[in-house]
Amino acid sequence: MSVDSPHAPLPAPVRPPVIAPGHSASTVTERISNIVFGRMPRWFWLAFGVAFMLVLGLLASIGKLLFVGIGVWGVTQPIGWGFDIINFVWWIGIGHAGTLISAILLLLRQEWRTSINRFAEAMTLFAVACAAMYPLLHTGRPWLAVYWLFPYPNSMNIWPNFRSPLIWDVFAVSTYATVSLLFWFVGLIPDLATMRDRARNRAQKLIYGVLSLGWRGSAIHWHNYESAYLLLAGLSTPLVLSVHTIVSFDFAVGQVPGWHATIFPPYFVAGAVFAGFAMVLTLAIPLRRLFHLEDFITMRHLQNMGKVTLVTGLIVFYGYLVEIFTAWYSGNLYEMFMMRNRVLGPYAWSWWLLILCNGLVPQLLWLRRVRSSELALWGIAMFVNVGMWLERFVIVVTSLHRDFLPASWGFYKPTVFDWATFVGTIGLFLALIFLFIRFLPMISIFEMRTLVPEAKIKESQG
Amino acid sequence: MDRTPLPSLDPAAWSAPPAVHRWRGIALAVGLVAAAACLAGWLLDRDQMLRSWLVAWLLWLGVALGSLSLAMIHHLTGGAWGLVIRRQLEAATRTLPLLALLCLPLLAGLPAIFVWARPEAVAHDHALHHKAAYLNVPFFIGRTVAAFAIFGLLAFLLGRWSRQQDEGGGAASGARMRAASGLGLVLMVLVGTFVSVDWLMSLDPYWYSSLYGVLFLAGHALSALVLAIVVTWLLAGHAPMSTAVTKKHFHDYGKLLLAFVMFWTYLAISQYIIQWQANLPEEAVWFQHRTHGGWQWVALAIVLFHFLFPFLLLLSRSLKQRMPALAGVAMLLLVMRWVDLHWQAAPTFSPDRLALHWLDLAAAVAVGGLWLAWFFHQLAKRPLLPVNDPHIEEALGHG
């Protein structure tokens, strides 16, 4: 190129690398696949054991629920949607970061997504599994749920209400789960083949071999693979918006003050991404230390996730503020009462804690120093995890406990089975994450190989 | 890989071609003729003239504010797309003084536009009485002045640092622009929300929607991108920009345009579904007025031409890479931005019958002509590319 002026531009600022220096294709492959083929440390089994105990608690409380009925939960009039909806929305929100990282950041050509996409996608799947459990259990008899939820021509000529967003939810969530699973699995295929080739015994070879669907890594394979992957990314992108939008419709199309707000769709979507990134940070920060993956999940990844958390947190905070203004501006008696009750009523503690967790604490992320500290990031992520749960608590419980008719006001008391189910799904989520780490490469090996310096040189020669 | 030599990075090589001055002249002439018609309209039917002026002013205010938002988003996120249109965006943000000037007739005639500004209406209305703490003339003017001050300051600072970068200011101005953009976007969203409530939502002071501010700002971003695409296409026909703009840039703008069209539609349809299905009297009536008495055809036109056609066209890769075709879609969207604003504002004054006054068109052309003349004047003042930006080579080597 020719620079024929005294105003030579400054050299473009060098961004910190997304992979630590000194790695080659083979070190990347070894480092990641050895986690699966090696022995797991003692803490891993201890932690898995704890998670598994929680799963047993979950199974016990589900058993009780199916045997007795949903009366074992605290849901009753006027709060008919208690923990089950709060937790459903909380879990499904957490899943969104996986899709955002894997699909949208891929389309935006953000190469820093590469080392975190695999386990963020796994997180999506497990979170969706936890979420889907709640509405099904809420039916009391999940084995009849097909009959209630899916429109099929039955002899009684009864159809679900197509105008209800609850039925849209069935389609949105099941589509989301299907596409996320496909996306995750397709992303795994080349790595499964690597695992097959490196397998140390016949069983491993067989299992990874079957799962890798005959992948040989030929140029034609790669060619088809790339377009399939991009197409799936394109399909997943609208799903990030659609799922949580429809979840927000569950509330917003109704008339209950505190639920009926047009800001809900974008604010729910932002909240979902916010919660999801907080969960990725919660998991990634300890994992990279425990498995010595600092070279692959670098500080740059954590900083970028901190920035996304800040932006989505600001959108959510904006939602809280706009709701206050709109409640007053509406001049509607019930809207104004709802807001006063939310801020000053018996459940005011939950709203103020929510503002602290989701509104104020994430503002620390404006500071570069905070974004560069693992401990601070992890702490903020924990605040957000709690805050996003509180947000759904505020929406569900505070809005319902005092609606239009004072005669029907009441309070909500979750029972021990509510708590056991909630904590149990956390256990299930963690147990699944542990199994995933144990049996599959948690970082995409083949995509990491494209980031090592030798790949860049080949690219520029080619 | 064969590489075409990169264009020169000397600021002097990037001064505006004579065509920009010609466009300025044409815009000014058209704008002045239309403004004269508006002046006649002012004498004939002052109320109608103000109402038409409001929609026209909001359209071009949206272009300016959207340009400020896009410029700030680009400072924060980087990317090749933004450097090539940065000067267009910056010139658009420097039109804020003109827009403040064009706002004066509206401020002088608030009671002709807003029912809450008529004391006799407020006195007999409980709801308006409640809202009078917010919706009153002095506070409204104060908010508008504050909004212009905040946006103006942001535009001024970002413009100044950008010029310092041209003069060799380098890294320091880049860091300043990034820092100011972070805070600036927060301000844009907060202040922009109140601008939307004040200037558009409060036309029907009984109706409310908490999504409205976001929808308003999304429309701005769309308008701004549309203008940037059209102007980049115009500039690409002349040296020096003909050497810098490539198909690849336009492909990126096409993708962004598609994303913005989808985002705007997503917000608009969400608002509609929520209010339609809840069917509350104070909300649904707003849509009732806008989907009956002829207005339903306007609503249909918005669905077709603000969403469906642009959406389908923009899916095509070859269309996105053809500059005239993409500019054509962009111009269609600019017209539809006006139709959308008209559909939101005009039924307030004519709820039962579709209304289109000749002043509606005259005002849109008048404000547009004057705005574009000012814009081209500003555009010619600086090099057409931020040649000292550290990422400029990356952006130009993009082809």
Side-chain angles (χ1 to χ4, degrees), chain A residues 1-13 15 107-110 163-165 237-238 241-242 245 248-249 251-256 259-267 269 307 310-311 314-315 317-319 321-332 335-336 366 460-462, chain B residues 1 3 5-6 8-13 79 126-128 130-131 133-135 166-168 170-171 174 182 185-186 189-190 193-194 197 201 205-206 208-215 255 262-263 266-267 270-271 273-280 282-283 387-394 397:
Chain A
M1 74 144 290
S2 64
V3 181
D4 42 19
S5 83
H7 296 282
L10 295 164
R15 293 197 187 99
L107 297 180
L108 292 177
R109 309 185 200 126
Q110 298 288 322
R163 274 196 187 181
S164 162
T237 302
L241 286 178
S242 75
T245 297
S248 83
F249 283 171
F251 301 97
V253 299
Q255 298 181 343
V256 179
W259 285 12
H260 177 65
T262 49
I263 191 70
F264 264 29
Y267 138 76
V269 172
K307 285 182 191 169
L310 174 64
V311 171
L314 283 168
I315 301 174
F317 198 18
Y318 169 83
L321 299 179
V322 161
E323 278 194 296
I324 298 178
F325 174 75
T326 312
W328 177 82
Y329 180 86
S330 74
N332 180 314
E335 288 281 338
M336 287 193 285
W366 283 95
S460 62
Q461 282 167 346
Chain B
M1 193 167 96
R3 308 190 77 175
L6 283 172
S8 157
L9 289 178
D10 177 5
H126 186 70
L128 293 186
H130 166 80
K131 294 181 191 194
Y134 180 81
L135 293 178
D166 274 1
E167 289 159 359
L185 276 171
V186 173
V189 173
L190 287 177
T193 301
F194 287 106
V197 174
M201 196 160 97
Y206 307 99
Y208 54 89
S209 164
S210 44
L211 180 69
Y212 207 62
V214 185
L215 181 58
K255 286 191 273 190
M262 285 165 71
F263 184 60
Y266 161 71
L267 295 174
S270 295
Q271 175 176 275
I273 289 175
I274 289 171
Q275 299 212 334
W276 170 77
Q277 187 147 347
N279 207 14
L280 292 172
E282 67 267 37
E283 290 178 349
V387 284
N388 263 326
D389 190 282
H391 295 287
I392 190 74
E393 287 182 37
E394 209 180 302

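Just so it is clear: chains get the letters A, B, ... in the order the sequence lines come, proteins before strands, and each one is counted from 1.
Between the OG atom in A:Ser330 and the OH atom in B:Tyr206 there is a gap of 14.0 Å [rounded to 0.5 Å]. Note that the CD atom of B:Glu283 and the NE2 atom of A:His260 stand 3.0 Å from one another [nearest 0.5 Å]. Residue B:Leu280 holds its CG atom at 8.5 Å from CD of A:Glu335, rounded to the nearest 0.5 Å. With rounding to the nearest 0.5 angstrom, the CG atom of B:Leu215 is 9.0 Å from the OG1 atom of A:Thr262.
Ranking B:Ile274, B:Val214, B:Val186 against chain A, the residue ahead of the rest is B:Ile274, based on heavy-atom pairs under 4.5 Å. The candidate from A:Thr237, A:Thr245, A:Val311, A:Leu314 with the greatest count of non-hydrogen atom pairs under 4.5 Å with chain B is A:Thr245.
Counting heavy atoms from C-beta on, the side chains of A:Tyr329 and B:Leu135 come closer than 4.5 Å. Residues A:Tyr318 and B:Leu190 meet the side-chain proximity criterion, which asks for heavy atoms closer than 4.5 Å. Side-chain contact between B:Ser210 and A:Phe325: absent, with no pair of heavy atoms (C-beta onward) separated by less than 4.5 Å. Side-chain atoms of A:Phe249 and B:Ser270, non-hydrogen and from C-beta on, do get closer than 4.5 Å to each other.
With hydrogens and angles disregarded, a donor-acceptor distance shorter than 3.5 Å links the side chain of B:Gln277 to the backbone of A:Arg163.
Neither side chain, B:Tyr212 nor A:Thr326, offers a donor N or O lying under 3.5 Å from an acceptor on the other.
At a 4.5 Å heavy-atom cutoff, the contact between A:Trp366 and chain B is made by side-chain atoms alone. If you measure heavy-atom distances from A:Val256 to chain B, you find no contacts under 4.5 Å at all. For B:Tyr266, the part sitting under 4.5 Å from any heavy atom of chain A is the side chain, from C-beta outward, and nothing else.
Taking B:Tyr208 as the reference, B:Glu282 meet the side-chain hydrogen bond (donor to acceptor under 3.5 Å, both in side chains) condition, with sequence neighbours excluded. Legend: residues meeting side-chain hydrogen bond (donor to acceptor under 3.5 Å, both in side chains) with B:Gln271, ordered by chain and number and at least two apart, are B:Ser209.
Ring planes of B:His130 and A:Trp328: tilted class, angle from 30 to 60°.
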